[in-house]
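Have a look at the structure below, then the notes.
We name chains A, B, ... by the order of the sequence lines, and we start the count at 1 in each one. On a predicted model such as this, the values are computed, not experimentally measured, just so you know.
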Amino acid sequence: MKKALFFTPVLALTLASCNPPGKPTLADKWKSPADVSGFTNLYAQNCLGCHGDGKSIAGSITLKNPLYLSIVSEDKLRSITAGGVPGHNMPALAIENGGSLSNEQIETIVKGLIAWRDVSKLPTAPIPPYSAPLGDVAAGKAAFSQSCASCHGNDGSGGPKAGSVVDKNYLNLVSDQYLRTVTIAGRPELGCPDFANRDPATPMTPASVANITAWLSSHRLNEFNQAPTSSPANK
Amino acid sequence: MKVPIQKLTDLGLGVFNWVDDRLHVKKIWESTAGHHVPQSAGSWFYVFGSATLLCFMLQLVTGIMLALVYVPSADEAYATLEYLTYHQQLGWFLRAMHYWGSDFMVGIMLLHMTQVYLFGAYKYPREITWLSGLALLVCTLGLAFTGQVMRFDEDAYWGLGIGASIMGRVPFIGQQLVDFMLGGQIIASETLSRFFALHVFVLPGAVIALVSLHLRMVLTKGINEYPVPGMLVRRETYDKEYAAILKKEGVPFFPKAIDKDIITSAFVIGGIVACAFFFGPKGPGGPADPLQINANPRPDFWFLWIFSIAALMPAEIETFALLVGPAVVGLILVALPFLNGTGEKSWRRRPVAVIVTLLVWISLGILTYLGTTSPWSPVMNAWSAEVTPDAQILHRTPLQLQGAITLQYKQCRNCHAIEGLGGERGPSLSDVGMRLTKPQLVRQVVQGGGNMPAYGQNLSPSEVEALVAYMITLRAEGVPPARDVTLSRNTKN
């Protein structure tokens, strides 16, 4: 009994000084959003829901798309991450723009995305640049018929494999740059090939990408079902 | 040098007799630890009182040790807790012992109270024993709450905020009570100072005084005999009957009836040590900063049921329920030994008492579980961190995909889960396309209703179209979208 009285607290203290499951570590310490570091953590908390991570897919374009990452510049990634895309469903993440991330955290995300670049997976055809002026609407219709109509239908209002890309509400929610980006990089995770693989025998040229973007954009309608004055259709 | 044992024994006895001659230690011991109790009281059901007292003594020891490091200032309290938890050798274990000791103390005290109620121990002539026990329960809960404040983290801050909000509802003197509680208009250093004083001076002092009274009553009016069905308590005869029981089967508490208390004490200490070892201390969580919008405060275990009630009760009855409810419960408990002080003691013949006890414990259990899971709290980062299962993204039109993005961007996921991922404040959207038609979805999104805000002002018509187009697709494979049965009936007519 006396031994037990002596050894019980000694045993408890000995066990407690080793590495028991209840012992908190510095990793358990509460961290403010500004203290979260590391690309994996930051991406998981701020980007994963809308963009997925290559393993999971999401509503918006996956950022692990090698073609997308090859055409977008580091500065552009930085400005989109920090400032969002005004008027569209990409929020500004930087504190100075109303978000919750410091410049350092924004930089971590940008560098992490850049590290995802993988040139070995790029097509051999000449890759259209990230941005360019809208092309010719009439030529865009022809290019669309050749490259996209088999899925989206001849007039773009939906086909056997994919839905409408000329729906007024859809076009109200996406920017011209988004239309161009998806035309170039596709949504391979959803079955939409990139510019080089829609018809591998004849990859889309930079001009046809600009023309298709112009043709799609020309379908924009305002709340009165009229083409807005800035629409390529009115140019 | 060898000292004869006899000589040492004589010296020890001499010292003891000298002390006893002045302090009457033997007499006090015989009249307290040696007092006679009914043999039937040496039951496993009678161990909770001493176990609660043991927890309190453990809290005193660990509390004094914590106070050697803890600085009760708003600037330093949090830092000292972090130091104790992450840097001081065994500091985490000390904190964990104090935290789990508190939980054990409240839990065992509630078991003690349940046993006293079911065994009719509150009845004549033990009214003051019951009342002092009630006061001890209030003080113990006060110690637990003020102990939570000592962490001075987000749990403490928002717990104080809720406490102040309840105080502020008291008619006429609400504001004065809030000022008195917080030591000013806001939660600051003054608040921590007065809660520290309550936690380490006022409440422990009150507990010591009340325990003395409680034990004094145990000595003067005796420990309740193990109730026998059919043996009724009558004011006129009970004292004589109890004296007869003691005469017939009374045994000294020490050493004849204490064995089960000692064994229980060992288990209680073992339980506290084991919980501290395996689960560690609580917190500190985020700092007590009202600007911290990601705070996810939770009260300590024994207050979770209050958290649930406060979250779930309709807003219209909040003030009434928060002010009148505790007063009514308190009044019933105080009046109990006077209104129900005689008659049957055994729970076997008191079905109402058993049902009330079961209902209280089941309600506490359910409310505590709800408080732990708190499905009413939005998951604040679900919109940006929770992925949507692939099956809910594949084979969607571009417009529907924009709807999926809108669902994330407008933070619908914070309250509505898809396939279990996201908040639970609102219904799951996993099969919303089977439950609501397009017009119903549009109306719900634009006008809100049923605890959901109206989003008409925050969404463009195209966003509503996209969102609804996407939600219609959220249904089991092969199941058609919901249809409006009233429309089909009108068509038939």
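Nearest heavy atom pair, residue P24(A) against residue W92(B), reads CD-CB, 3.5 Å. G59(A) approaches A404(B) most closely through the heavy-atom pair CA-CB, 4.3 Å. Of all non-hydrogen atoms in V165(A) and P398(B), the two that sit nearest each other are CG1-CG, 3.8 Å.
More than 12 heavy atoms of other residues, nucleotides or ligands shown are found within 6.0 angstrom of NZ on K31(A). Environment of NZ in K438(B): sparse, with no more than 12 heavy atoms of neighbouring residues, nucleotides or ligands closer than 6.0 Å.
The part of S164(A) that comes within reach of chain B is its backbone (N, CA, C, O), which places non-hydrogen atoms under 4.5 angstrom from that chain. Both the backbone and the side chain of K29(A) come within less than 4.5 Å of a heavy atom in chain B. The part of T25(A) that comes within reach of chain B is its backbone (N, CA, C, O), which places non-hydrogen atoms under 4.5 angstrom from that chain. Heavy atoms of A276(B) lying under 4.5 Å from chain A belong exclusively to its backbone. In this structure, the portion of A58(A) lying under 4.5 Å from any heavy atom of chain B is its backbone and not its side chain. The part of E465(B) that comes within reach of chain A is its side chain, from C-beta onward, which places non-hydrogen atoms under 4.5 angstrom from that chain. Only the side chain of D167(A) comes within contact range of chain B, judged by heavy atoms closer than 4.5 Å. Contact annotation for E82(B): only side-chain heavy atoms (C-beta onward) come within less than 4.5 Å of a heavy atom of chain A. Q292(B) touches chain A through its side chain: at least one heavy atom from C-beta onward sits under 4.5 Å away, while N, CA, C and O do not. With a 4.5 Å cut-off on non-hydrogen atoms, H87(B) touches chain A through its side chain but not through its backbone. Only the side chain of Y86(B) comes within contact range of chain A, judged by heavy atoms closer than 4.5 Å.
Ranked by heavy-atom pairs under 4.5 Å with chain A, the list G403(B), A385(B), A469(B), G280(B) is led by A385(B). Most heavy-atom pairs under 4.5 Å with chain A: of the set L407(B), D390(B), I269(B), V387(B), this distinction falls to D390(B). Ranked by heavy-atom pairs under 4.5 Å with chain B, the list L173(A), L26(A), N46(A), L48(A) is led by L173(A). Your options are P389(B), P287(B), G285(B), A274(B), and the one with the most heavy-atom pairs under 4.5 Å with chain A is P287(B). Contact tally against chain A (heavy-atom pairs below 4.5 Å) for N381(B), T388(B), L394(B): the top residue is L394(B). In terms of non-hydrogen atom pairs under 4.5 Å with chain A, the most contact-rich of A466(B), P461(B), P281(B) is P281(B). For the options I57(A), N172(A), D53(A), heavy-atom pairs under 4.5 Å to chain B are most numerous at I57(A). In terms of heavy-atom pairs under 4.5 Å with chain B, the best-connected choice from G191(A), S60(A), G158(A) is S60(A). Interface summary for chain B: among P33(A), C192(A), S100(A), C47(A), the most heavy-atom pairs under 4.5 angstrom belong to P33(A).
Within the 4.5 Å cutoff, no side-chain heavy atoms of E189(A) are placed close to those of I393(B). Contact check for P21(A) versus F277(B): side-chain heavy atoms found under the 4.5 Å cut-off. A 4.5 Å side-chain heavy-atom check between P91(A) and W383(B) finds at least one atom pair inside the cut-off. Under the 4.5 Å side-chain criterion, counting only non-hydrogen atoms from C-beta, D28(A) is not in contact with T85(B). By the 4.5 Å heavy-atom criterion applied to side chains, W30(A) and P284(B) are not counted as neighbours. Counting heavy atoms from C-beta on, the side chains of E463(B) and N89(A) come closer than 4.5 Å.
Here Y409(B) contributes atom OH and M90(A) contributes atom CE; the two are 9.0 Å apart, rounded to the nearest 0.5 Å. To the nearest 0.5 angstrom, K168(A) atom NZ is 11.5 Å from L399(B) atom CG.
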**Request:** Kindly indicate, with the supporting measurements, whether the criterion side-chain contact (heavy atoms from CB on, under 4.5 Å) is fulfilled by L190(A) and L401(B).
**Result:** CA-CA 10 Å; L190(A) 299 176; L401(B) 289 173; 3.4 Å; yes

**Verdict with reasoning, Q402(B) to N169(A), per side-chain contact (heavy atoms from CB on, under 4.5 Å)** = CA-CA 9 Å; Q402(B) 286 303 310; N169(A) 291 308; over 6 Å; no

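Under a 3.5 Å cut-off, the side chain of S384(B) and the backbone N or O of Q45(A) do form a donor-acceptor pair.
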